[in-house]
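Every heavy atom of this structure was used, including side-chain atoms; hydrogens, water molecules and symmetry mates were not. Letters A, B, ... mirror the listed sequences (proteins, then strands); counts begin at 1. All figures in this text were calculated on a predicted structure; none of them were measured in a lab.
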Amino acid sequence: MPDPQSVLAERVHSALVTAFGPDLTGTDPVVRPSQFADYQSNVALPLAKRLRRAPREVAAAIVGGLDVRAECESVEISGPGFINFTLRDSWVAEQTRSLLGDPRLGVPAAAHPQNIPIDYSAPNVAKEMHVGHLRTTVVGDALARTLDFLGHRVIRQNHIGDWGTPFGMLIEHLLEAGEDSAEAEKLRTDPNAFYKAARAKFDADPDFAGRARRRVVALQGGDPETLRHWHELIELSKSYFNRVYRTLGVTLTDDDLAGESTYNRWLAEICAELEDAGIARISEGALCVFLDEFTGREGKPVPLIVRKSDGGYTYGTTDLATVRYRVQELKADRIVYVIGAPQGLHLQMVFATARKAGWLPDTVEPVHVQIGNVLGTDGKILRSRSGESMRLMTLVDEAVRRAGEVVATTRPELDDATRAHIAEQVGIGAVKYADLSVSHDTEYVFDFDRMLALTGNTGPYLQYAVARIRSIFRRGGIDPSAVRGPIAIGEPAERALALHLLGLGAVLEQVGELLEPHRLCAYLYELASAFTTFYDQCPVLRAPDAAVRDSRLALTQVTLDALVLGLSLLGVSAPEQM
RNA sequence: GCCCUCGUAGCUCAGAGGACAGAGCGGCGGACUUCUAAUCCGUUGGUCGCAGGUUCGAUUCCUGCCGGGGGCGCCA
């Protein structure tokens, strides 16, 4: 275990148990990065209260039983009772060297692997994906990749909108246009145009509207011919989704599809069970679940409607079915919903209802990873249903175009194909990283210039660090896998870089627990920053002697591996050159 | 009306009850015969919305208020 924070936490924990008895087993040693040393433990202060002793006295007792001679150059008690740790350069160097050639870079696999269904992306059939979809797709994919790397059993669930009343008009429109028509082709390339055309006909032509309504009935009734057309519609949309996912480098495939229609067969049963158990009752003609803890206007209880007065089911019913399915069939330990923040109340009600119905045992934790709204520069929410929203592919194309302009001026010597490839990696990386680098639950203003900025905490900055490292190996004609070290810490920039490299495991563990990819972004940015300082101050190929050169090559190699791994967990590509 | 969420430097944002609140951008001043300057170094910049409370200690937890955003019965 190369991570100093874990090592020190373990040592402090056993020291405090030794000093104060086994009652304190499990006490968090509160080891944190420090501005006054490498790490500090804050545990003595809260412990002092519990033990009714002076904080510094408690700290002294802990330090007395502490054996960190191998790791630390000094351990000091400071201020009101902080324990400051300064690591030995030799230890830092050796731990960093142990990361060479380690595909996990010292990151331990989860001690208790969980089954984790993760629900994200969820675009609608015959609808363009917009910036909101982009965010849940990108954040969800990063979480899926990270949880997977940490050793959990991740089950991706793409809950696409493939059912509901609009499908009557969509199917009718498809029938009129013909399955092989140019109009049908729009489902693959420009789904909103297809949707709008269907909508326009529905609004303007009463005969068409009538056929659309009858078509909905036929669809729900399981009419084979109608179902065939419905499948065709889904197939066309799937190819659109997959094209977007491929372009963006998102891991979702057809195997992960679990759309709304998947749950149709259980909806009647869900309602019947709820009604029989007395959890749901008829109100104003609709079957509703009322829970005491949820009240709305004038203190009236807010219903979760599971069956409308016309007999149709709602997304609440479907969502209850997802909970039940994920617990019973997927054996979930934790269920992750990467869904817009405005759905918070709805999901809470779904979870509470599922608990009451016995579909969600206390051992299973549902988590809503709230995705904040993306605002336009006018400060208003970008929504697909009202008005125009920016087409996702337009946004991506624009990002790639702007990146291409930069590459054209900085690397005129490269051929067009190579420049285009770089522009795509950088442009898409910039867009994805912008979504990932701020906390997922806050809303933010969508701004081309900011997300495409080539300095600061951005994708291109991290990619540039990768490109420069690869350039070193190319220029030196060095096979990265032949780098052996050993590492010797000389310059402050070398020490800072090495120390930072050892912290990857702690960050990833945190991301896995809190489901916050922006913490990985912050870590990688700091790492890239530490590297560029090192790059600036410590020549690698032109190092003063062979030993220093080997040491710096080893540091460089581990940095490359960490950046590439981190970026891959975010779903951002790591270019060969920029 | 009730509930959720946010309010931190001019701007965009971090911040695990702990030491003097941190980055980036912008501004200002430096560094390219260089392993890629899409870079680096220095500097400037804050009543952490307001008022109480809990605590040895609060940007962090609790309560109230003010302000922005969102949600609150048959769209999903």
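- Under the 30°/60° scheme for interplanar angles, the aromatic rings of A:H346 and A:Y315 are found to lie parallel.
- Contact annotation: A:T532 side-chain N/O to B:U39 OP1/OP2 distance is not under 4.0 Å.
- Set against B:A16, B:G70, B:U36, the side chain of A:P342 has B:G70 as its closest nucleotide.
- For A:F290, the listed nucleotide lying nearest its side chain is B:G73; candidates were B:A76, B:G73, B:A16.
- Residue A:E513 is classed as having no contact, given no heavy-atom separation below 4.0 Å to the nucleic acid.
- If you check distances only, the side chain of A:Y315 does reach the base of B:A76 with a donor-acceptor pair under 3.5 Å.
- Remark: B:G22 base-pairs with B:C13. Criterion, Watson-Crick or G-U wobble with two distances under 3.5 Å.
- Aromatic rings of A:Y464 and A:Y461 (six-membered ring for Trp) have centroids beyond the 6.0 Å cut-off, not under it.
- Comparing B:G15 with B:C6, their P atoms are spaced 11 Å from each other, to the whole Å.
- No hydrogens or angles were tested; on distance alone, a donor-acceptor pair under 3.5 Å links the side chain of A:N84 to the base of B:A19.
- Among the atoms of the strands shown, none is found under 4.0 Å from any heavy atom of A:Q463.
- Across all strands shown, the partner of B:C65 is B:G49, judged by Watson-Crick or G-U wobble contacts whose two distances both fall under 3.5 Å.
- A:K49 comes within 4.0 angstrom of the backbone, heavy atoms only, and of no base.
- Rounding to whole angstrom units, CD of residue A:Q348 and P of B:C72 are separated by 13 Å.
- Among B:A38, B:A16, B:C6, the nucleotide with an atom closest to any side-chain atom of A:I422 is B:A38.
- Residue A:T442 is classed as a sugar-phosphate contact, given heavy-atom separations below 4.0 Å to backbone atoms only.
- A:P539 comes within 4.0 angstrom of a base, heavy atoms only.
- An OP1 or OP2 oxygen of B:U36 is reached within less than 4.0 angstrom by no side-chain nitrogen or oxygen of A:R470.
- The nearest whole Å value for the distance from the NE2 atom in A:H346 to the C1' atom in B:C74 is 13 Å.
- Contact record, A:Q463 with A:Q425: NE2-O, 3.2 Å, taken as the closest heavy-atom pair.
- If you take atom P in B:U43 and the same atom in B:A37, they sit 23 Å apart, rounded to whole Å.
- Spacing of P atoms, B:U44 relative to B:A21, comes out at 14 Å, to the nearest Å.
- Both the sub-6.0 Å distance and the 45° axial angle are satisfied by A:R468 relative to the ring of A:Y535.
- Phosphate proximity of B:G15 to A:H518: present, with a side-chain N or O under 4.0 Å from OP1 or OP2.
- Looking at heavy-atom distances under 4.0 Å, A:A341 makes no contact with the nucleic acid at all.
- Under the stacking definition used here (centres under 5.5 Å, planes under 30°), the residue A:Y525 fails to qualify as stacked on the base of B:A23.
- As judged by a 4.0 angstrom heavy-atom cut-off over every strand, A:Y461 is placed among residues touching the sugar-phosphate backbone only.
- Judged by Watson-Crick or G-U wobble contacts below 3.5 Å, the nucleotide B:G42 has B:C28 as its partner.
- The two residues A:N192 and A:E128 make their nearest non-hydrogen contact at OD1-N, 2.6 Å.
- Following rounding to the nearest Å, A:D536 (CG) and B:G42 (C1') show an atom-to-atom distance of 13 Å.
- Nearest heavy atoms, A:A506 versus A:Q5: CB-OE1, 4.1 Å.
- Residues from residues 32-48 of chain A placing a heavy atom under 4.0 Å of any atom in RNA chain B, listed by number, are A:R32, A:Q35, A:F36, A:Q40, A:L45, A:P46.
- In this structure B:G73 sits in the syn conformation; its chi angle is within 90° of 0.
- Base-pair partner of B:A58: not found among the strands shown (Watson-Crick or G-U wobble, both distances under 3.5 Å).
- A:G456 comes within 4.0 angstrom of sugar-phosphate atoms only, judged by non-hydrogen atoms across all strands, and of no base.
- For the pair A:H518/A:L436, no side-chain contact is recorded, criterion being any heavy-atom separation below 4.5 Å from C-beta on.
- Every residue was checked against the side chain to side chain contact (heavy atoms under 4.5 Å, CB included) condition with A:A420, not counting sequence neighbours, and none meets it.
- As rounded to whole Å, 14 Å separates atom P of B:A76 from atom CG of A:L320.
- Counting only heavy atoms from C-beta on, A:F82 has its side chain closest to B:G18 among B:A38, B:C74, B:G18.
- Here the closest heavy-atom approach between residue A:I270 and residue A:A321 is recorded as CD1-CA, 3.9 Å.
- Using a 4.0 Å heavy-atom cutoff across all strands shown, A:I305 reaches at least one base atom of the nucleic acid.
- Rounding to whole angstrom units, CG of residue A:L291 and P of B:C3 are separated by 17 Å.
- Base contact: A:S78 has a heavy atom under 4.0 Å from a base atom.
- Spacing of C1' atoms, B:A9 relative to B:C48, comes out at 10 Å, to the nearest Å.
- Within the structure, a side-chain polar atom (N or O) of A:R475 is placed less than 4.0 Å from OP1 or OP2 of B:U36.
- Using a 4.0 Å heavy-atom criterion, one finds that A:E526 contacts no nucleic acid atom at all.
- Using a 4.0 Å heavy-atom distance criterion, A:V407 is classed as a base contact.
- A:C521 comes within 4.0 angstrom of no nucleic acid atom, judged by non-hydrogen atoms across all strands.
- Atom-to-atom, CD of A:Q343 to P of B:G70 comes out at 14 Å; the value is rounded to the nearest Å.
- When the P atom of B:A37 is taken as reference, atom CZ of A:F531 falls 11 Å away, rounded to whole Å.
- Between A:D319 atom CG and B:A76 atom C1' the separation is 9 Å, expressed in whole Å.
- Closest contact between the side chain of A:T455 and the listed nucleotides B:U39, B:U36, B:C13 involves B:U39.
- Taking 4.5 Å as the limit, some side-chain heavy atom of A:E260 sits within range of a side-chain heavy atom of A:H159.
- Of all nucleotides listed (B:C75, B:U39, B:A38), B:U39 comes nearest to the side chain of A:R468.
- Look at A:T295 and you won't find any side-chain N or O under 4.0 angstrom from OP1 or OP2 of B:C72.
- Residue A:V540 is in base contact, counting any heavy-atom pair closer than 4.0 Å across all strands shown.
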